[in-house]
Novice: 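Sharing a structure here in structure tokens format.
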Number of protein chains: 2
Amino acid sequence: MKEKELHIDGIDKVILKHLMNDARTPILGIAREIGISGAAIHQRLRKLEASGLISGSKLIVNPKVLGYNIVAFIGVYLDAASKYSSALKRLKEIPEVVESHYTTGNWAILVKIVCKNNEHLLKLLNQDIQLIKGVARTETFISLDQQINRQIKL
Amino acid sequence: MKEKELHIDGIDKVILKHLMNDARTPILGIAREIGISGAAIHQRLRKLEASGLISGSKLIVNPKVLGYNIVAFIGVYLDAASKYSSALKRLKEIPEVVESHYTTGNWAILVKIVCKNNEHLLKLLNQDIQLIKGVARTETFISLDQQINRQIKL
DNA sequence: AGTGAAATTTCCGCTCC
DNA sequence: GGAGCGGAAATTTCACT
């Protein structure tokens with residue numbers, strides 16, 4: 001998928017910085033700011049897409065408005081590493097699970113979940129996650145304050 | 001910020017599902033699929049923006065193309081909870097830190113970082129994070145396999 | 001790689017149903 | 001709450017440098 005070495009110069013960085021902040025920023029506005037034509041920006045974007053650096057764009061929704069007020073991380077211990085793929089399959093079916101990582105260290109899986117309140121969290125733990133075959137026990141870490149949420153710097 | 005109860009009907013869900021997947025999906029394409037006019041979609045989007053449900057859109061870049069191959073979580077123990085805000089300030093200055101949560105449980109802060117390789121990770125730990133005033137010790141969990149990365153279901 | 005202009009598509013305020 | 005119209009603006013392609 002990656003053949004060409006990609007050279008990201010200062011202009012590319014300006015373009016990407018704008019679009020990483022708001023994917024719907026008009027190309028022509030960026031063009032005027034930089035001082036090159038809209039077509040040139042378009043060409044650069046096509047190149048960056050082809051290189052795989054741009055992997056898409058997403059509309060970001062605020063979970064709080066839907067009543068999802070709690071973010072928590074759950075460390076999941078498996079009784080055998082071989083249970084990973086089947087457990088993962090079940091985790092994918094739980095919509096509140098928004099991230100899942102197979103990790104080195106204490107537990108086997110680190111899961112990030114979003115839920116509405118404490119009862120909801122308890123229900124997820126007791127009736128969903130801990131009932132998955134292979135899950136031995138879990139450790140829960142509730143995020144009381146998320147102050148950093150960004151992408152890697154260019 | 002939130003005054004009106006927001007009613008998200010099936011049409012809103014279809015619109016949001018498209019845009020959450022690709023924020024640059026043409027509105028008119030969605031309009032044709034649903035069978036209403038483009039202007040109607042615009043009206044709904046404005047309403048959803050005003051409600052705060054839509055908090056923006058972002059271009060997603062693939063860190064691997066930039067050579068960032070490792071994702072890790074770091075549990076940070078503070079020697080006193082009062083050091084949180086000063087430690088957070090320093091964490092914000094480390095570009096490889098992409099998430100930071102103040103958490104209940106074992107440690108005080110859970111940090112997500114992206115880095116290029118093991119040396120880079122070691123450098124971040126020894127020369128950046130563990131030098132922050134108030135940081136007692138850290139636990140590192142490297143993500144070997146991230147299989148879920150999504151937003152909350154509507 | 002960048003430009004300028006043409007062709008196409010989208011956006012968005014407006015009026016009407 | 002949605003449709004249809006129309007002008008303004010943005011996107012996208014292309015020939016040329």
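Note that the structure is a prediction, hence the values are computed from the model and not measured. Reminder, nothing fancy here: chain letters follow the sequence lines and each chain counts from 1.
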Novice: Hey, could you give me the OG/OH distance between B:S143 and A:Y102, rounded to the nearest 0.5 Å?
Specialist: 11.0 Å

Novice: Measure CD1/B:I41 against C1'/C:dT10 and give the value in whole Å, please.
Specialist: 13 Å

Novice: Could you write nucleotides 3-17 of chain D as a row of B, S and -, 5' to 3', where a protein heavy atom under 4.0 Å of any base atom gives B, of only sugar-phosphate atoms gives S, and otherwise -?
Specialist: SB-----BBSB----

Novice: Scan the side chains in residues 53-62 of chain A for donor-acceptor partners under 3.5 Å anywhere in the protein, sequence neighbours excluded, and list what turns up.
Specialist:
residue : atom : partner : partner atom : Å
A:S55   : OG   : B:I60   : O            : 3.2
A:S57   : OG   : B:D22   : OD1          : 3.1
A:S57   : OG   : B:A23   : N            : 3.1
A:N62   : OD1  : A:K64   : N            : 3.1

Novice: Within a 6.0 Å radius of atom CZ on B:R150, are there more than 12 heavy atoms belonging to other residues, nucleotides or ligands?
Specialist: yes

Novice: Please report the distance, rounded to the nearest Å, between CG in B:D12 and C1' in D:dG1.
Specialist: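 In whole Å, D:dG1 C1' lies 12 Å from B:D12 CG.
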
Novice: Kindly say whether the aromatic ring centers of A:W107 and B:F73 come within a distance under 6.0 Å.
Specialist: no

Novice: State whether the number of non-hydrogen atoms from other residues, nucleotides or ligands found under 6.0 Å of B:K13 atom NZ is greater than 12.
Specialist: no

